[in-house]
Each structure stands twice: as structure tokens, then as C-alpha cells.
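These notes are about the structure you will find just below.
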Protein chains: 2
Amino acid sequence: MAGRTYGQYCGLARAMELVGERWAMLVVRDLLLGPKRFSELRRGLPRIPTNILSARLRDLEQAAIVQRRILPRPAAAVVYELTSYGKDLKPIVLTLGAWGARSLDDPQPNDSVMADALVLALQATFHPEAARGLEATYELHVGPVVLHARIADGTLDAAEGSLPGADLVLDAGRALKALMAGEISPSEALESGMVRITGKPDLLARFGDLFRLAPAPSRRPS
Amino acid sequence: MAGRTYGQYCGLARAMELVGERWAMLVVRDLLLGPKRFSELRRGLPRIPTNILSARLRDLEQAAIVQRRILPRPAAAVVYELTSYGKDLKPIVLTLGAWGARSLDDPQPNDSVMADALVLALQATFHPEAARGLEATYELHVGPVVLHARIADGTLDAAEGSLPGADLVLDAGRALKALMAGEISPSEALESGMVRITGKPDLLARFGDLFRLAPAPSRRPS
DNA sequence: CTGGATCCCTCACGATACTG
DNA sequence: CAGTATCGTGAGGGATCCAG
């Protein structure tokens, strides 16, 4: 006993006991976008063993972070959703995700690109001040994933799926991150063929301002 | 290989690969208050095996989160300090700590109470607006630990150790959290004997406003 | 004394198979 | 579809030992 606790009277230690175990944060991440069923969670976490997913859901439920709910009818299915306490993790998950994204390098061939992660990445890096007075809709293609973003006067609405009639359709392989981190300019991105667009080209220039990621960490200095 | 990665192209997954392993976050926490030597870290993390501490420091160094530095002279000792990328974790660690503190119940007899954790807890819960126009100094006693806080016009300076001449000396067993979460009123805390003070009593009332923690999660509702 | 390295043991995790 | 049962492996825990 006491094997999995840190033995400290400390909020951070407690937090890591609650959501620090492997996969737990990613389960929370997927539930941030709404209630999900067991198999939907599996789909969003392709490498998770089912017994681990079971165990995490049980732990999170016991910690009052997740809540099981029986769908009324006619479904009669079980869904998992975040409690209010669980939803309070949202700013943390977003900020932590933006921090981690900075040291993300190009995806391995085996890496999966999940729509939910990209939707949250947009939310995490969205810069409301850069969107003042702007009304625009984007459709993004990243590998096999399609998502969209509506910007209306400082607010963002992002979700999976396409958006017919979007002002700009952006196919960004994985230069998306480079664009958001300011590592390449929009014109460079276009000329090198790393991104392809259809629609209003000036919206590409604004994209990097709307969704801004801090630069990657450097090896040397403090 | 690839056993410890999540196989997702996702900032959060990357973040958990970097700081999600056991003890890693707590090492970062302790380094947030300044460079520390190996043995100082051990002292702040009483239950960590030394091989794990070694391994974590190596991992964090390789991830450009921590940096080894040789102290000039006359010490010639090794210290570990956060890089700029590591310091960027501070708001995350503080917020996550405040979140976790909400589900902290009374400390187990074996739990250690670390000064660093309390200092960061003060920083995490500090409410600058509540400190407008206030100039005050506190000395806090929590179990065997003594720390202090200086408040001057909206800013907080907290550190370990006593502060002779503090405006209010507060000995709060562990009713400290209840006070910060608004679970008990200052007068209740005094009358029940859960906290003892010497100094200006009205500063006790302000304490709960200066350092405010959200209420504990409830079991039932969403 | 600091800053680790080494050994062994245990348990949580991971892969797979199986069940209501 | 929604998990549980089984079992092997490797990371974590704890003690001890060693070099500068």
C-alpha cells in the first residue's frame, strides 16, 4: 500500500495521483469535447489496451472527474462525461497541450493524427485579440483529418468535419505547426508547396496570427 | 521501443511523454523555486528512490526542461535548474496544483508537508485584486513548517522561513485549506481553536480573500 | 558529505483472449 | 459493443554500495 501515492500533502502531488497515470490525461482530453462511449474513446486512443481504458475510467469516476451516465432511450447505452470538477481541467489541458506541442517534431509514420487533438490545439492557441472584427471560416485538412473553424468577432468555434463554403480551405500536411509557430511565413509555405489553399489568400496570412504557438525550445541557453 | 510513447501527433500526448512520468512533475515543482542540488531535491521528495531521481533528471535534461550547471567557485557543486522552456511550466504547475488541492483531504500521519509546496500553493491561489492597496506581512506555521508572505499593492512575495515582525502570525494546523476554500469562516476557525494567531486579527479575515481556493468537488452532480 | 550506480523484488502496465 | 480475465514484461520501489 501507499505504493502509488506520493506521500506529500501537496496539491500538485494529489493532482498527479488523480490524472498523472498513463493515459489518464488523454482520456480527459477526449472527453473535453463532449460525452463519449467506450468505443469512441477507444477510437480516439488507438493504442490503449481496453483493460487500461476500463481501469482509467473507473479511477477517474472514483475521483469525481468522470461520470458514467446511461443514455435515456432509445439508445440505452453508457456514456462517460466529465463532471464539473473534470471540466475544470480544460484550461490546464489546453495550456499543457500548447506547451508540449512546442517540442513536437514531425510525426512518425506510425503516429495517428486525431481530430479531437487538433480541435483542442486550435482552441489552445487561439488569440482572441487577433480576431477582433474578423469574421471568417476555415476548413483544415491535416493528413486524413478534416476539421473547421468559425471565427466571429473574437470567438472561435472549432469542430471536426468539413465546412462547405468555407472562406479558406487549407491543406497543410504538417507544416501547420511551423506556420503557427512562425517558423515559416505564409508565402514561404505556399511557394514551397508545404500548404495548399483554395479561397481567400489573405486569410492564410491571418491564420498564423489567430493561432499562435510559442517557438520550439532551444537546446543551449537557459 | 515506442513502448513509452503514445503514438499520437498531439501536444498533450507529447507533454505527458515529457513530464507525465512518475515524479517528473514534482521535480519540476521543486525547481520552480530556484536551482537545487541533488540532495536538496531528495530532501524535498522524501520518497523518491535515488535511481529514479537520477533517471528523471536525465530525461528532463534531454528534453531541454532542466539544465545541469557546475557552480563556479568555491563550491564546485552541481546544480539543476529549469531552462526557459521548463520555467514555462510554472503557470501549469500552479494551476494544476490548485486544482488538485481541492480534492486534498486531511493529511495522513505519514504525509510530509513540504515548505516548497506551500509556497507555491500561496502563489497559485493568490488573488491580486484582493490585495489592492494592501500592505501586510504574514508568517505561517503549518505543522513543523514555517513560511512567510509579503503583500504589497497587488503583488505577493512568498518564501520559506520565518519573518520577525510579521503583521500576523498564523498557526493553522491544517485548517489552512478550509479557510482558503471558504469552508469555515475566520471567526469559526478562531473559536474552534483550529487556528491560532498573534498580531492584527483583521488580517485573518483578509487571508481567505487573498488566497482563494475553489470548493472541493462534490460527489453527485455533473 | 554529495551525487549518484547497482541489485533485487514487486506491481502496474501492455498484449491478447475471452465473455455477457 | 462493452468491457473482464489472464499472464508476461519492464518501470518503479527500496536498500545498499561506491567514487570524488
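Letters go in sequence order (proteins before strands), and every chain restarts at 1. This is a predicted model, so every value here is computed, not measured.
Here B:Arg68 reaches the OP1 or OP2 of C:dG4: one of its side-chain N or O atoms lies under 4.0 Å away. Between B:Ser39 and C:dG3 there is a side-chain N or O to OP1 or OP2 distance below 4.0 Å. Listed pair A:Tyr80 / D:dG3 meets the phosphate criterion, a side-chain N or O lying under 4.0 Å from OP1 or OP2. In terms of phosphate contacts, A:Arg37 brings a side-chain nitrogen or oxygen within less than 4.0 Å of OP1 or OP2 of D:dA2. Side-chain nitrogen and oxygen atoms of B:Arg58 include none within less than 4.0 Å of the OP1 or OP2 phosphate oxygen of C:dG3. Here A:Ser54 reaches the OP1 or OP2 of D:dT4: one of its side-chain N or O atoms lies under 4.0 Å away. Between A:Arg22 and the phosphate of C:dA12, there is no side-chain N or O to OP1/OP2 separation shorter than 4.0 Å. B:Arg56 has a side-chain polar atom (N or O) that falls below the 4.0 Å cut-off from OP1 or OP2 of D:dG12.
Shortest non-hydrogen contact noted between A:Gly44 and A:Asp30 is CA-OD2, 3.5 Å.
Separating the CD atom of A:Glu21 from the C1' atom of C:dC11 is a distance of 12 Å, rounded to the nearest angstrom. The CH2-C1' distance, from B:Trp23 to C:dA12, rounds to 16 Å in whole Å. The CG atom of B:Asp59 sits 14 Å away from the P atom of C:dG4 (whole-angstrom rounding). Spacing between atom CZ of B:Arg42 and atom C1' of C:dT2 amounts to 10 Å, rounded to whole angstrom units. Taking atom NZ of A:Lys36 as the reference point, atom P of D:dA2 lies 14 Å away to the nearest angstrom. Here C:dC13 presents its P atom at 14 Å from CG of A:Leu26, a figure rounded to the nearest Å. Remark: C1' of D:dG3 and CG of A:Leu57 are 10 Å apart, rounded to the nearest angstrom. Straight-line distance from the CG atom of A:Leu53 to the C1' atom of C:dA12: 16 Å, rounded to whole Å.
Between B:Asp111 and A:Gln8 there is no side-chain heavy-atom pair separated by less than 4.5 Å. Between A:Leu32 and A:Leu82, the closest side-chain pair of non-hydrogen atoms falls below 4.5 Å.
Looking at residues two or more places apart in sequence or on another chain, you find a salt bridge (Lys or Arg N to Asp or Glu O under 4.0 Å) between A:Arg196 and A:Asp171.
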If you restrict it to nitrogen or oxygen atoms, what contacts under 3.5 Å exist between nucleotides 18-20 of chain D and the protein, and what is each distance?
none

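In terms of polar N and O atoms assigned as donor or acceptor, the side chain of B:Asn51 comes within less than 3.5 Å of the base of D:dG14 in a complementary pairing.
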Before giving the answer on salt bridge (Lys or Arg N to Asp or Glu O under 4.0 Å), spell out for A:Asp88 and B:Arg102 the whole-Å C-alpha distance, their side-chain angles and the decisive distance to 0.1 Å. CA-CA 11 Å; A:Asp88 291 340; B:Arg102 292 169 59 192; 2.8 Å; yes

Could you walk me through whether B:Tyr80 and B:Arg37 pass the side chain to side chain donor-acceptor pair (under 3.5 Å) test, one step at a time? CA-CA 6 Å; B:Tyr80 298 88; B:Arg37 311 183 41 171; over 6 Å; no

Stepwise, does the salt bridge (Lys or Arg N to Asp or Glu O under 4.0 Å) test hold for B:Arg4 with B:Glu17? CA-CA 7 Å; B:Arg4 17 188 342 185; B:Glu17 289 165 9; over 6 Å; no

For DNA chain C, the expected dot-bracket line (Watson-Crick or G-U under 3.5 Å, [ ] crossing, | inter-strand) is |||||||||||||||||||.

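If you check D:dG3, C:dA5, D:dT4 against the side chain of B:Thr50, the one that comes closest is C:dA5. The nucleotide whose nearest atom lies closest to any side-chain atom of A:Ile52 is, among C:dC13, D:dA5, D:dA2, C:dC13.
For the pair A:Arg14 and A:Tyr9, the cation-pi test (distance below 6.0 Å, angle within 45°) is failed.
Taking the six-membered ring for Trp and thresholds of 30 and 60 degrees, A:Trp23 and B:Tyr6 have ring planes more than 60 degrees apart, a perpendicular arrangement.
For A:Lys36 and A:Asp116, the salt-bridge test passes: some basic side-chain N is under 4.0 Å from an acidic carboxylate O.
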